[in-house]
Amino acid sequence: MNKLLEIKGLTVTLPSKSDRKYAISDVSISVEKNEILCVVGESGSGKSVTAFTVMGIHDKRALTISKGEILFDGYDLTKIGEDQFRKFRGKKMAMIFQEPMTALNPVMKVGEQITEILEIHTDLGPSKRKSKAIEAMENVKLPDPEKIFHSYPHELSGGQRQRIMIAMALVLEPDLLIADEPTTALDVTTQATILELIKEIQVRRGMGVLFITHDFGVVADIADRVVVMQHGIVVEQDRVNQILAHPQHEYTKMLIGSVPSMVPPQKKSIDVQAVLELTEINKSFGKSSLFRKDRIVNAANKVSLKVAPGETLGIVGESGSGKSTVARCAIRLIEPDSGSILVKDIDIAKLRESGLRYLRREIQIVFQDPYRSLNPRRTVGQSIVEGPMNFGQTEEAAVRKAKELMEIVGLKPDTFNRFPHQFSGGQRQRICIARALAMEPSILIADEAVSALDVSVQAQVLELLENIKKQFSLAVLFITHDLRVAAQICDNIVVMKKGAVVEFGSTHEIYTQPKHTYTQALLQSAPGQKYF
Amino acid sequence: MRHWNIKTITRASCLAASLAIGAAVPVYAEKVMNVIPHADLKNLDPIWTTAYISRNHGYMIYDTLFAMDDSFSPQPQMVDTWSTSEDGLTWTFVLRDGLKFHDGASVTGEDVVASLQRWGKRDGMGQQLFKVITSLEASSANTVTMKLSQPYGLVLESIGKISSNVPFIMPKRVAETDAFEQITDYTGSGPFKFESDQWVPGSKVVYTKFDGYVPRSEPASAASGGKKALVDKIVWQYFPDNTTAMNALMAGEIDYFESPAPDLAPLLAADPNITVEVNDPLGNIGFARFNHLLPPFDDVEVRRAAMMAMKQEDYLAAAIGDPQFWKTCYSVFPCGTPLANDVGSDIMATGSIDAAKAALAKTDYDGTPVLIMQPTDVPVLSAFSLVTAEKLRNAGFEVNVEAMDWSTLTSRRALRDPVGEGGWNMFHTWWIGADVIDPMAIAFSGDPDAGWFGWPTDAELEEARGQFSKATSLEEKQEIGRKVQERLWAIGASGELGQFFTPVAYRNNVKGLIKSPVQFFWNMSVE
Amino acid sequence: MFVYTIKRALMTIPVILVVALFVFLLLRLSPGDPAAVIAGDYATAEDVARIREKLGLSEPIVVQFASWVGALLQGDFGTSIFSSKPVTELIKQRLEPTLLLASCTIIFSVIVAVPLGTIAAFKAGSWTDRTVMLFSVGGFSVPVFVLGYILIYVFSMNLRILPVQGYKSPFEFGMIPFLRHMILPTLTLSVIYIALLARMTRASVIEVLEEDYIRTARAKGLSETKILMRHALRNAAVPIVTVIGLGIALLIGGVVVTESVYNIPGLGRLVLDAVLARDYPIIQGLILFFSLVYVLLNLLIDLAYTFFDPRIKY
Amino acid sequence: MENHVESSAFDIAWKNRNVSIGLSVLLIIIVLALIGPIFTKDPFSLSPMSRLKPPGDFGLFGTDQLGRDVFSRVVNGGRISLTVGLSVAVFAILVGTILGLIAGYVRALDSIIMRVMDGLMAIPAILLAIAMISLSGASLATVIAAIVIPEVPRVVRLVRSVVLTVREEPYVEAAISVGTPVHLIMHRHILPNTIAALIVQATYICGSAMLTEAILGFLGAGIPPEIPSWGNIMSEGRTFFQLTPWIIFFPGIALAVTVLSVNIVGDGLRDTLDPRIARSLK
């Protein structure tokens with residue numbers, strides 16, 4: 001065996017007041033030369049702590065290594081001094097991170113950020129450093145590296161930034177690359193190219209890669225071996241094919257089972273009058289001032305769509321495609337520049353807040369971030385009854401109704417008086433759904449409502465949404481970037497790109513016979529299609 | 001503006017370095033006296049304003065026809081000889097030879113006439129004098145003739161006035177400026193020249209020696225006698241902060257400190273290099289002014305009751321401190337001057353709360369609150385106000401003290417409106433002794449229309465004051481003085497709070513200080 | 001950038017107008033009457049009225065404001081009531097000491113405070129941090145004038161190594177006398193500024209040290225010093241520079257006191273004396289001038305952001 | 001229940017050593033100032049014959065230039081200085097919060113309010129205060145008003161920025177979409193978010209107001225000097241700084257300790273209430 005990195009019985013302790021004692025406990029993992037080891041798990045599984053500890057950049061004030069060893073290049077990294085450790089970092093082991101925007105120093109030219117690593121670890125002169133950096137940038141297939149060398153991070157696209165991160169990590173040809181969810185923040189098309197790039201370089205260099213992810217689709221595409229972690233413990237590890245085909249541990253099975261299929265189920269078409277109808281909605285941001293006119297973004301460009309009761313209409317698209325703008329126009333959190341929004345045949349596009357108020361109950365929304373969707377200073381009960389009581393319901397009636405709804409969304413009614421921080425992310429999203437339902441709306445907008453949730457929780461919330469749609473005969477406008485989720489839940493789909501609708505059709509049509517090239521590219525980019 | 005380029009800075013720093021090392025020793029050491037004046041010179045027209053600092057500035061650069069000697073009698077200054085006609089109605093003044101303005105022109109009778117006329121429009125004594133003047137003209141280049149409608153006893157006292165407004169002689173072109181507008185040409189004929197371009201209002205005034213000045217041959221005596229400029233340059237630097245000023249004097253950065261707070265005297269005196277002394281023999285007279293128009297002080301007995309509570313020792317101790325710098329004085333004319341007397345002074349000398357209480361009980365005082373304006377930026381007056389407040393409260397008055405700064409007080413004291421509408425009942429001030437040396441002082445007026453703030457009304461008093469200008473002998477004047485004082489006490493015109501002296505402090509290398517109620521800088525040298 | 005500069009410069013106009021109106025109303029609606037002050041002790045009511053007329057104080061208030069603003073637009077700040085000197089000339093005369101005192105203070109404060117704040121941030125929670133922070137808090141707790149007196153007492157009166165007071169222009173007297181006279185006022189004025197800057201630096205650096213790119217820098221193998229110097233400070237620069245700008249107002253306030261204590265003939269004392277003497281044209285002109293300086297400096301600082309942060313583009 | 005989050009935050013704040021020490025010191029000072037009149041002489045009573053006496057026979061802290069008892073002036077002065085500090089903080093926060101909420105929520109008024117605030121910010125605070133006081137007459141009320149006015153723009157900016165941030169929060173949008181009227185959104189969702197920042201801001205305003213009061217006194221534009229605020233005692237005593245240092249020393253110490261405690265409490269609160277900074281200190 002050719003072990004590059006060997007973690008033996010590593011235990012990292014959390015500060016005394018935390019809700020659990022260990023961040024990771026007795027973790028033993030090894031990465032070999034010339035392989036990609038994927039560490040997979042949901043939030044709180046300890047996968048990132050493991051990666052950061054190996055790199056020696058974990059938060060040393062909060063986390064302490066209490067047991068175990070990390071063997072690398074003949075040293076136990078838990079025992080060597082900081083100065084020696086520093087010589088490894090960047091040179092022998094390198095790391096790339098989830099969010100390339102924040103991981104790059106915003107006030108430093110990217111070229112400088114790459115040459116900096118050469119400056120620390122080598123004796124090369126400035127011109128040599130630059131040519132080596134350019135070479136590294138060419139290696140990650142960055143176009144016009146000379147120009148990008150002198151760019152600042154904000155001047156690059158997300159994919160380019162991640163390529164810069166990779167170039168930076170690989171410029172000294174380290175033996176070990178640690179990748180912490182490197183594609184999670186990227187659009188699906190970009191994700192595909194970055195994954196391909198990592199794989200290719202790994203093969204070319206014969207490098208060992210420790211790849212952290214929560215996405216089994218990514219695992220299926222990239223991993224040689226897989227480690228599954230849960231609550232800081234390794235529950236299973238094996239070759240990728242073995243894990244995917246024959247998962248042993250219940251948790252692994254559950255994770256794999258939760259990945260939605262790309263094949264949409266057959267659905268019968270809905271043939272009732274639409275309750276929400278958007279016609280030629282236009283919305284642009286940025287002011288055209290006297291002095292310049294170039295900062296205007298057309299977030300929605302002649303968008304038309306309609307949703308009927310009992311229908312789930314998906315809006316899919318990558319970031320910046322304008323899908324959220326459409327949702328926020330539909331619920332009139334923002335006012336469209338032009339176009340009409342018919343809710344039960346009343347045009348609300350230009351209504352003032354006072355006129356709008358009585359239509360508020362018809363249309364409700366669930367947001368992406370369950371942590372910010374509830375006022376932390378108010379009990380969940382208060383949040384749920386707020387709407388009905390605004391419309392004159394008595395407190396008693398509202399509370400009774402709220403408790404019923406809590407039961408429907410799968411929460412115990414006796415948690416009515418608790419505060420949001422006492423709930424998990426999935427539970428909070430259920431509360432948000434209950435809050436929306438309390439208004440007895442006919443239209444529900446779910447704006448990336450499951451994107452922030454772990455896959456297991458995601459599946460449950462999706463199921464809940466499906467159930468209440470049926471139960472209350474709701475028209476659902478479902479906004480997502482996740483093609484797998486869209487495939488499973490939507491009846492019809494609108495594909496958006498740069499503010500405009502590029503394709504519309506039934507889910508089945510879209511997934512089986514995409515017409516627009518963009519739709520085709522999107523579908524091809526979804527990871528893990530071999531298995532799921 | 002100056003160009004601040006590298007070159008200048010480099011040059012400046014080179015120069016600095018050489019100066020610091022002491023390599024460049026000037027061939028001729030200019031004699032400079034650094035002075036901290038008692039106030040900031042805000043205004044350069046001593047006719048336009050009565051501010052003492054402007055008067056002192058006037059003495060630096062201007063000369064006068066007559067000037068007071070140290071016994072307060074007028075002596076010729078610019079005048080060489082003068083004569084009076086038999087009937088006392090025609091006065092002829094002949095100017096000295098060699099009088100020159102700073103621009104080189106000779107001083108002529110025309111200049112004198114124009115200057116006196118402008119002064120006559122602003123100064124109280126001047127206005128009185130001009131009431132009896134029928135003509136004033138330059139009969140020749142160096143002669144001025146003044147004709148009067150009736151004999152007037154104070155001709156020389158007026159044109160030889162020592163304090164504001166002093167009839168300084170300016171060039172005709174300057175003196176023709178409207179009396180209510182400020183002059184902009186600062187050409188005088190005095191021993192020092194004003195350096196206009198070096199003046200930094202609020203901070204620094206620079207005077208240089210005027211080489212063309214010919215001093216009289218008599219020795220200097222107060223404002224009169226030979227004025228010799230013994231230094232090349234006098235720099236007035238105004239210090240807003242007394243402690244800093246004291247430190248600067250002790251550190252040798254300053255030569256002369258005109259009015260240190262009396263309380264700092266012991267600290268300064270403890271320094272062997274510094275002399276602290278009282279320069280002004282008359283000192284200042286504390287003054288508690290009632291508003292005679294408004295209740296409760298529209299009642300003479302209430303005023304007199306209040307005066308009984310005023311114990312001079314307490315005022316002076318609180319405001320001045322060290323007893324060597326004050327003394328009680330129960331005359332309305334400064335003690336130690338010819339007219340000082342003790343007629344009717346029992347009322348002021350009472351100084352007893354109990355007596356005041358008893359006296360107040362006999363009046364119709366109904367508890368109307370007394371509004372005292374307290375000028376918080378003038379420590380002495382601020383202290384006076386607080387002492388009065390406490391005394392009156394103890395004597396049974398209702399008292400409100402309203403804090404303000406002196407400039408607010410000066411504008412508010414002119415209001416005759418009721419208290420609720422901006423009016424007032426009392427304020428405190430002081431007069432320099434020289435300003436209240438005789439009954440002509442506006443402080444003693446009994447005419448509510450032409451008189452001073454507070455507006456007492458007493459025809460008898462006015463009558464007596466009117467006599468004074470006609471009196472010619474000292475006995476006559478003293479008699480009128482006693483009459484005026486008797487009336488002033490009888491009507492409870494104002495409380496007199498005693499006499500106090502502000503010391504001057506200077507480094508021992510300063511010589512030639514002239515004893516006088518006004519600060520003069522001629523004959524002073526720095527060794 | 002150029003367009004932005006013009007635009008921002010234009011935006012200062014309403015701000016300055018607000019200031020002008022506010023100051024004007026404040027002066028006109030207050031009870032003091034400069035005419036009475038000028039007229040002096042012996043003036044009659046007619047004299048005062050006459051002076052009011054001369055000063056234009058008897059005009060309707062709207063007319064007064066209009067004529068003042070009209071004159072301002074022509075660069076005429078008016079003429080001092082007492083000294084009859086144009087306000088612009090008085091400002092010119094007094095500008096140098098104030099400008100140099102403020103500059104010395106800013107330079108000195110930045111030199112002291114930024115390293116202090118950075119060290120405190122880097123060692124957040126340690127004794128070093130606590131000492132620096134205690135000093136900073138302390139700097140906010142002592143009145144400026146008390147500090148001035150103490151410094152004079154110790155350095156000038158007891159040790160006799162520095163002059164008590166005054167200002168020596170470097171262009172006239174050279175650098176060394178200038179600096180000798182500047183040391184104590186600068187120290188006095190700097191304390192509060194250092195306190196402010198050190199706190200802000202600390203807070204900004206702490207915030208920056210939490211950022212992802214610091215972690216990236218660690219992953220690259222950079223030493224902590226290099227991380228601090230290259231990555232943290234440059235990113236913390238914008239808030240620090242902002243505070244330098246906001247502190248200008250604080251500085252102007254401090255200048256008034258410091259100039260009084262050290263007898264420096266600067267703008268601070270000019271305005272204080274003017275207020276006490278009711279010299280309206282000076283008060284109006286100077287408050288306006290200070291506001292203009294403040295607004296322009298902050299505009300300059302906004303433009304400087306582009307230098308520190310390439311993301312900011314105008 | 002409403003205050004659950006705040007109260008727990010303040011429990012944490014109290015556990016912060018700086019906060020507890022600072023608050024304890026402040027409490028002692030406040031109590032002393034309040035019960036001062038019971039055990040001290042009349043701070044206004046003059047006795048010109050025993051002026052400028054050193055600490056000892058003529059009182060614990062000696063006497064001032066009018067023979068008043070410095071100890072009783074310092075103890076009673078605490079009440080004035082604290083009144084100034086607290087009232088300025090309260091009024092500035094009150095006015096600033098109202099204006100800030102309006103500016104942050106009513107688009108039409110935003111630019112008007114903010115331009116006026118910019119104008120006020122541009123005038124150096126001390127100058128504005130001196131001008132206001134010396135022109136409108138010195139009294140406790142005018143001094144408080146003069147210190148409040150320059151502080152208001154800072155509070156307005158703070159509140160406005162919180163409003164602008166918070167109104168973008170999903171839970172506020174959720175509240176809008178369930179038809180909650182504006183005043184309830186302000187009251188329930190936006191105002192509570194400003195409280196932590198406002199409390200911290202209030203402590204700083206309180207501290208700096210006490211200092212400003214002292215400086216105004218020094219410049220001759222403060223509360224009527226008869227009233228014994230610490231600033232006044234010092235500014236009246238400053239002429240005698242080298243002669244009778246006790247007049248300036250005792251109120252100086254009192255002021256410095258009070259302002260220091262207030263600022264330390266403010267820092268402590270900021271560290272505990274601002275999670276980002278608190279986190280890095282753990």
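Basis for what follows: all heavy atoms, side chains included, without hydrogens, waters or symmetry-related copies. Sequence lines set the chain letters: A, B, ... in the order given, protein chains first and strands last, and positions in each chain run from 1.
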Taking salt bridge (Lys or Arg N to Asp or Glu O under 4.0 Å) as the test, write out the residues that go with Asp273(C), two or more places apart.
none
What distance do Thr12(C) atom OG1 and Arg115(D) atom CZ have between them, rounded to the nearest 0.5 Å?
10.5 Å
Okay, Val295(C) and chain D: the region with an atom under 4.5 Å from a heavy atom over there is side chain
Take atom CZ of Phe91(D) as the centre, draw a 6.0 Å sphere, and report whether it contains more than 12 heavy atoms from other residues, nucleotides or ligands.
no
Listed by residue number, which members of residues 142-150 of chain C have a heavy atom under 4.5 Å from any heavy atom of chain D?
Val142(C), Pro143(C), Val144(C), Phe145(C), Val146(C), Tyr149(C), Ile150(C)
Nearest-0.5 Å distance, CD1 of residue Ile123(D) to CD1 of residue Ile252(C)
11.0 Å
Nearest atoms (heavy-atom pairs only) where Ala122(D) meets Tyr294(C):
CA-CD2, 3.4 Å
Using side chain to side chain contact (heavy atoms under 4.5 Å, CB included) as the criterion, list what pairs up with Thr203(D), not counting sequence neighbours.
Val262(D), Leu269(D)
For Phe65(C), I'd like to know if atom CZ has over 12 heavy atoms of other residues, nucleotides or ligands within 6.0 Å.
yes
So for atom CZ, which belongs to Phe249(D), do other residues, nucleotides or ligands contribute more than 12 heavy atoms lying within a distance under 6.0 Å?
no
Taking every heavy atom of Ala131(D) against every heavy atom of Ile287(C), the minimum-distance pair comes out as CB-CD1, 4.4 Å
Steps toward side-chain contact (heavy atoms from CB on, under 4.5 Å) verdict (Asp118(D), Val18(C)):
CA-CA 9 Å; Asp118(D) 285 349; Val18(C) 167; over 6 Å; no
Rounding to 0.5 Å, atoms OG (Ser291(C)) and CG (Leu120(D)) come to a distance of 9.5 Å
Side chain from CB out, backbone as N, CA, C, O: work out which of these in Leu211(D) comes under 4.5 Å of a heavy atom of chain C, or both, or neither.
side chain
Rounded at 0.5 Å granularity, tell me how far CZ in Arg199(C) sits from CG in Asn263(D).
6.0 Å
Which heavy-atom pair separates Leu219(D) from Ser260(C) by the least distance, and what is that distance?
CD2-OG, 4.3 Å
Contact winner vs chain D - Leu272(C), Leu209(C), Leu17(C), heavy-atom pairs under 4.5 Å:
Leu272(C)
Checking Leu127(D) against Ile283(C) for the side-chain contact (heavy atoms from CB on, under 4.5 Å) test, could you report, in this order, the C-alpha distance in whole Å, the side-chain angles of both residues, the deciding distance, and whether it holds?
CA-CA 9 Å; Leu127(D) 289 191; Ile283(C) 308 174; over 6 Å; no
Kindly write out the residues that satisfy side chain to side chain contact (heavy atoms under 4.5 Å, CB included) with Leu82(D), not counting sequence neighbours, or none if the list is empty.
Ile29(D), Ile30(D), Ala33(D), Met210(D), Thr258(D)
Measuring heavy-atom distances to chain C, does Met117(D) have an atom under 4.5 Å in its side chain, in its backbone, in both, or in neither?
neither
